[in-house]
*Asks:* 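Sharing a structure with you now.
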Amino acid sequence: MRVSNLFGKTLRDVPSDADTASHQLLLRAGMIHQVAAGVYAYLPLAWRVHKKIENIIREELDKIGGQELLMPTLQPHELWEKSGRDVAFGQALFTFDDRRERKMVLAPTHEEVVTELARYNIQSYRDLPMMLYHIQTKFRDEPRPRGGLVRVREFAMKDLYSFDVDVDGLDASYEKALQAYKNIYSRCGLDFIVVEADSGAIGGKGSHEFMVIAETGEDEIIFCSKCDYAANEEKAVSIKPRAASDEPLPYQEVATPGAKTIEEVVSFLEIRKKQTLKAVFYIADGQFVFVTIRGDLDVNEIKLKNVLKCADLRLATDDEVKAAGVVAGSASLIGLKGIKSVADDSITLGTNFVVGANKPDYHLKNANYPRDFEVDLVTDIALARPKQSCIKCGGKLKSVRGIEVGHVFKLGTVYSQRSGAYYLDSDGNQNPVVMGCYGIGVGRLLAAAIEQNHDDRGIVWPVPIAPYQVYLCALNMDRSDEVVQAADRIYGELQEAGVEVLFDDRNESPGIKFNDADLLGIPLRLLVSTKSLQNGGLEVKARGDKESELVSIETAVDSVKALIDKFYNR
RNA sequence: CGGGGUGUGGCGCAGUUGGCUAGCGCGCAUGCUUUGGGAGCAUGAGGUCGCCGGUUCGAGUCCGGCCACCCCGACCA
């Protein structure tokens, strides 16, 4: 491709809408164009990268026996009512009526359809195991798109689905998929870690996310500094510090004028946070829930949501708290009846806590569970934090931010049972197919690759996903026939040799060409100029390097191919 | 949905107490000169000032409403 013909212009100024490196660079490189919030057009350079990533995915999934198919994105709403996920996705689901006033959805994912397919095409254990995948545009009406391609409303996603006879089969398929994923990210030149994850609206039992470490990432990862434990903050568990555990004392009311928050109570009574229990109020699918957790910890709302098995969870408003008969700022479960309650197990790690007295400006000292109050459910609903201890090895926990570039789930039989995807085993018994699903956001992966591979001059593409392998830069073309001839010759020879080359044939000053080459991040820059020809040939420079190397015209193509091979084998 | 911010040519911005044909830089077009890290000169094209309404002799500027986009949070894979 000649740069003079390339669709897409580079920008000198940083568009003001863009905050993150990948967003800024994609815009400046002329690779994407925003059409609406979270909706982007991919220009030729970006689309080449996208296709390369897709193909790496295809190769790795084909290798583990995946079969590619295509499923519709336009789906009847009925299908989503059947699975109950119209509620689970809520507002994120794009819906509309067709001309017959039949309610339709633009699918956010494809478990429903693939399970239907399984129902019709998998009848016997002989048909299993099976792995299907597709790469398709998916739609999710995100509350807040952000970060360029990181979080969008329309995006290409690769989804792989596995079907097995039993849980052992699922585990084997899951392992295969995990390995394929590791290969995919490695080939894309990404540093990633695998973390334990919550399964969210997809459902299922086991779940892992693939995270690309990046400061701009949306997710917080809690990991152990000693062992291999790593989990999304949404899911992470920790050993909670113990509070003082003296002999339980009789409880006693104390005046705490004006002290409502934990901070105020703690400083008024001159005690430590972990000697208090705090009350937090939620509305879970319309029902008021009284949540208790030790004062030094915070509620993990994902865990709470899972424990309550509700679709919608939010903090209660002041009015709702009042209506429930609870005294905000001085609330505890002591003496309260008829309110649904959940507590974090931290309330058992200590004694003689300070809690609300259920009347304004008073608290109770020496509250003890279960002596003084009852809770419907006591379990772990706390947010794990850095500096706490690892549940696996006791090591110190740390945290980093990451971009979620892949998510895998052990679905089990949830979907197959719902839609009747059963098979006959060798004894003639009907069993639900055991499923797994495995997703990769292609565009997000592209963005993550830039977040992780750029410098102050521009993108530094990993070779396997670079839009082109070589940037052929010719200077002085309008004044030197020699340069034109040499550049044309090399351009032709590279193409014949199967090298992907972008030929900067523009009549621009050297600075512009060098800067564009750096901005676009093409791995190898090949320079032809009167000077280089005088010196005996062309200059080759890797994007990440400072120094260039002189090669003769005759050996240029071989040298370039050798360098590219070297990069691939890195 | 809550908080904050921004809408003026393709991009980045300026525009005073309301006042005349709405400016600047980059980019774009043409010509000449230039050419190893974003060249110079000259000429030129390109704008319903986000939209609607109001106030006024007169609105980019003041008032009201709406919309879009960005950031933080909520929520979300």
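Order of the sequence lines sets the chain letters (A, B, ...), proteins ahead of strands, with each chain counted from 1.
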*Asks:* Of the listed nucleotides (B:G36, B:C69, B:U34), which one gets closest to any side-chain atom of A:Leu475?
*Replies:*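 The closest nucleotide is B:G36.
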*Asks:* Show your working on salt bridge (Lys or Arg N to Asp or Glu O under 4.0 Å) between A:Arg314 and A:Glu301 and close with a plain yes or no.
*Replies:* CA-CA 9 Å; A:Arg314 59 172 176 83; A:Glu301 296 187 359; over 6 Å; no
*Asks:* Which residues in residues 445-459 of chain A have a heavy atom closer than 4.0 Å to any atom of RNA chain B?
*Replies:* A:Arg457
*Asks:* Can you check the A:Tyr181 OH to B:A77 C1' distance for me, whole Å?
*Replies:*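 Answer to the nearest Å: 12 Å.
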*Asks:* Out of B:C69, B:C11, B:G38, which has the shortest distance to the side chain of A:Ala37?
*Replies:*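 Nearest nucleotide to the side chain: B:C69.
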*Asks:* Using atom CD of A:Glu220 as one end and atom P of B:G73 as the other, report the distance to the nearest whole Å.
*Replies:*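 That distance rounds to 11 Å.
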*Asks:* For the side chain of A:Ser16, counting heavy atoms from C-beta on, which of B:G36, B:A77, B:G12 is nearest?
*Replies:*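 The answer is B:G12, which lies nearest to the side chain.
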*Asks:* Using the C1' atom in both, what is the distance from B:U8 to B:C69, to the nearest Å?
*Replies:*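 Here B:U8 and B:C69 have their C1' atoms 16 Å from each other.
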*Asks:* Suppose you measure atom P in B:G40 against the same atom in B:G36; what distance do you get, rounded to whole Å?
*Replies:* 14 Å
*Asks:* Of all heavy-atom pairs between A:Val408 and A:Phe210, which one has the smallest distance, and what is that distance?
*Replies:* CG1-CE1, 4.1 Å
*Asks:* Using a distance-only criterion (donor-acceptor N/O pair, under 3.5 Å, no hydrogens), is the base of B:G38 paired with the side chain of A:Arg28?
*Replies:* yes
*Asks:* Within 45 degrees of the ring normal and closer than 6.0 Å to the centroid, is that where the cationic atom of A:Arg457 sits relative to A:Phe514?
*Replies:* no
*Asks:* Can you tell me the distance, in whole Å, between the CE atom of A:Met477 and the P atom of B:U35?
*Replies:*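 Rounded to whole Å, this separation is 18 Å.
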*Asks:* With rounding to the closest Å, how many angstrom separate the P atoms on B:U55 and B:U43?
*Replies:* 45 Å
*Asks:* Are A:Arg58 and A:Glu68 within salt-bridge range, i.e. N to O under 4.0 Å?
*Replies:* yes
*Asks:* Counting the atoms with a prime plus P, OP1 and OP2 as sugar-phosphate, which does A:Glu539 contact under 4.0 Å by heavy atoms, base, sugar-phosphate, or nothing?
*Replies:*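 Base: the residue A:Glu539, judged by heavy atoms under 4.0 Å, touches a nucleobase.
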*Asks:* Any base atoms under 4.0 Å from A:Pro143, or only sugar-phosphate, or nothing? Heavy atoms, all strands.
*Replies:* base
*Asks:* Looking only at side-chain atoms of A:Leu527, point me to the closest of B:U34, B:G36, B:C71.
*Replies:*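 So the nucleotide nearest the side chain must be B:G36.
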*Asks:* Any Lys/Arg nitrogen of A:Glu111 or A:Arg418 sitting under 4.0 Å from an Asp/Glu carboxylate oxygen of the other?
*Replies:*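 Looking at A:Arg418 together with A:Glu111, the answer is no, because their closest N to O distance does not fall below 4.0 Å.
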*Asks:* Please give, in whole Å, the distance from B:C76 C1' to A:Arg153 CZ?
*Replies:* 13 Å
*Asks:* After noting the C-alpha distance and the side-chain angles of A:His50 and A:Trp47, does the key distance pass the ring-ring contact (aromatic ring centres under 6.0 Å, His included) rule?
*Replies:* CA-CA 5 Å; A:His50 198 283; A:Trp47 189 238; 4.6 Å; yes
*Asks:* Ignoring the backbone of A:Asn476, work out which of B:G38, B:C71, B:U35 is nearest its side chain.
*Replies:*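 Nearest to the side chain of A:Asn476 among the choices is B:U35.
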*Asks:* Could you pull out the protein-nucleic contacts involving nucleotides 39-49 of chain B (nitrogen or oxygen on both sides, under 3.5 Å)?
*Replies:*
from  : atom 1 : to       : atom 2 : distance (Å)
B:A39 : OP2    : A:Ser509 : OG     : 3.3

*Asks:* Going by purine N1 to pyrimidine N3 plus the second Watson-Crick contact, or the G-U wobble pair, all under 3.5 Å, which nucleotide sits opposite B:G73?
*Replies:*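 The answer is B:C1, by the H-bond criterion.
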*Asks:* Compare the minimum distances between each of B:U35, B:G36, B:C76 and the side chain of A:Glu234, then state the nucleotide with the smallest one.
*Replies:*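 So the side chain of A:Glu234 is nearest to B:C76.
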*Asks:* A:Arg151 has a side chain; which of B:G36, B:A77, B:A74 sits nearest to it?
*Replies:*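 The answer is B:A77, which lies nearest to the side chain.
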*Asks:* Please give the distance between the P atoms of B:C28 and B:G65 as a whole number of Å.
*Replies:*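 My reading of the P atoms in B:C28 and B:G65 gives 43 Å.
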*Asks:* Taking only side-chain nitrogens and oxygens of A:Arg314, does any of them come within less than 4.0 Å of OP1 or OP2 of B:C75?
*Replies:* no
*Asks:* Please assess A:Glu220 against A:Ser399 for the test side chain to side chain donor-acceptor pair (under 3.5 Å), listing each intermediate value before the final yes or no.
*Replies:* CA-CA 7 Å; A:Glu220 187 163 349; A:Ser399 78; 3.1 Å; yes
*Asks:* Side chains of A:Thr555 and A:Ser552: any donor to acceptor distance under 3.5 Å?
*Replies:*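 Note: A:Ser552 and A:Thr555 side chains meet the donor-acceptor criterion.
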*Asks:* Nearest-Å distance, CG (A:Asp478) to P (B:U35)?
*Replies:* 10 Å
*Asks:* Using Watson-Crick or G-U wobble geometry with both distances below 3.5 Å, tell me the partner of B:G37, or none.
*Replies:* none
*Asks:* Using 4.0 Å as the upper bound for N to carboxylate O, is an ion pair formed by A:Asp455 and A:Arg543?
*Replies:* yes
*Asks:* Counting side-chain heavy atoms from CB outward, which of B:C76, B:A77, B:G38 is closest to A:Thr10?
*Replies:*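 Per side-chain heavy atoms of A:Thr10, the pick is B:G38.
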*Asks:* Would you say the base of B:G3 and the side-chain of A:Arg144 have a donor-acceptor pair closer than 3.5 Å?
*Replies:* no
*Asks:* Return the nucleotide paired to B:A42: Watson-Crick means purine N1 to pyrimidine N3 with N6-O4 or O6-N4, wobble means G-U with N1-O2 and O6-N3, both under 3.5 Å.
*Replies:*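 The base-pairing partner of B:A42, which may sit in any strand shown, is B:U30.
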*Asks:* Once you apply a heavy-atom cut-off of 4.0 Å, does A:Asn515 come out as touching a base, just sugar-phosphate, or nothing?
*Replies:* base
*Asks:* For A:Gly406 and A:Tyr181, work out which heavy atoms get closest and say how close.
*Replies:*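 It is CA-CE2, 4.5 Å.
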*Asks:* For the pair made of CD in A:Gln34 and P in B:C11, what is the distance, rounded to whole Å?
*Replies:*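 It works out to 11 Å between those atoms.
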*Asks:* Rounding to the closest angstrom, what is the interatomic distance between B:G58 and B:C70 at atom P?
*Replies:* 38 Å
*Asks:* Check every atom of B:G37, B:G36, B:G25 against the side chain of A:Asp13 and return the nucleotide holding the closest atom.
*Replies:*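 Among B:G37, B:G36, B:G25, the one nearest the side chain of A:Asp13 is B:G25.
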*Asks:* Please give, in whole Å, the distance from B:A77 P to A:Glu142 CD?
*Replies:* 8 Å
*Asks:* For A:Tyr468, is the NZ or CZ atom of A:Arg48 found under 6.0 angstrom from the centre of its six-membered ring and inside 45 degrees of the ring axis?
*Replies:* yes
*Asks:* Does A:Val39 reach a base, just sugar-phosphate, or nothing at all? Heavy atoms under 4.0 Å.
*Replies:* nothing
*Asks:* Between A:Leu526 and A:Leu538, what is the shortest heavy-atom contact and its length?
*Replies:*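 So the two residues come closest at CG-CD1, 4.0 Å.
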*Asks:* A:His134 vs A:Tyr161 aromatic rings, parallel, tilted or perpendicular, using cut-offs 30° and 60°?
*Replies:* tilted
*Asks:* Scan every strand shown for a Watson-Crick or G-U wobble partner of B:G64, both distances under 3.5 Å, and answer none if you come up empty.
*Replies:*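 Here B:G64 is engaged in a pair, and the nucleotide opposite it is B:C52.
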*Asks:* I'd like to check, for A:Phe409, whether its ring lies over the base of B:A77 with centroids under 5.5 Å apart and a plane angle smaller than 30°.
*Replies:* no
*Asks:* Applying a 4.0 Å non-hydrogen cut-off, can you work out what A:Phe210 is touching in the nucleic acid: base, sugar-phosphate, or nothing?
*Replies:* nothing
*Asks:* Calculate the interatomic distance between A:Leu27 atom CG and B:G27 atom P; express it in whole Å.
*Replies:* 19 Å
*Asks:* If I pick the C1' atom on B:C75 and the same atom on B:G23, what distance separates them, to the nearest angstrom?
*Replies:*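 Approximately 44 Å lies between the C1' atom of B:G23 and that of B:C75.
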*Asks:* Choose from B:A77, B:C69, B:C11 the nucleotide whose nearest atom is closest to any side-chain atom of A:Leu11.
*Replies:* B:C11
*Asks:* Could you tell me whether A:Gly406 contacts a base, only the sugar-phosphate backbone, or nothing, with contacts defined as non-hydrogen atoms closer than 4.0 Å?
*Replies:* nothing
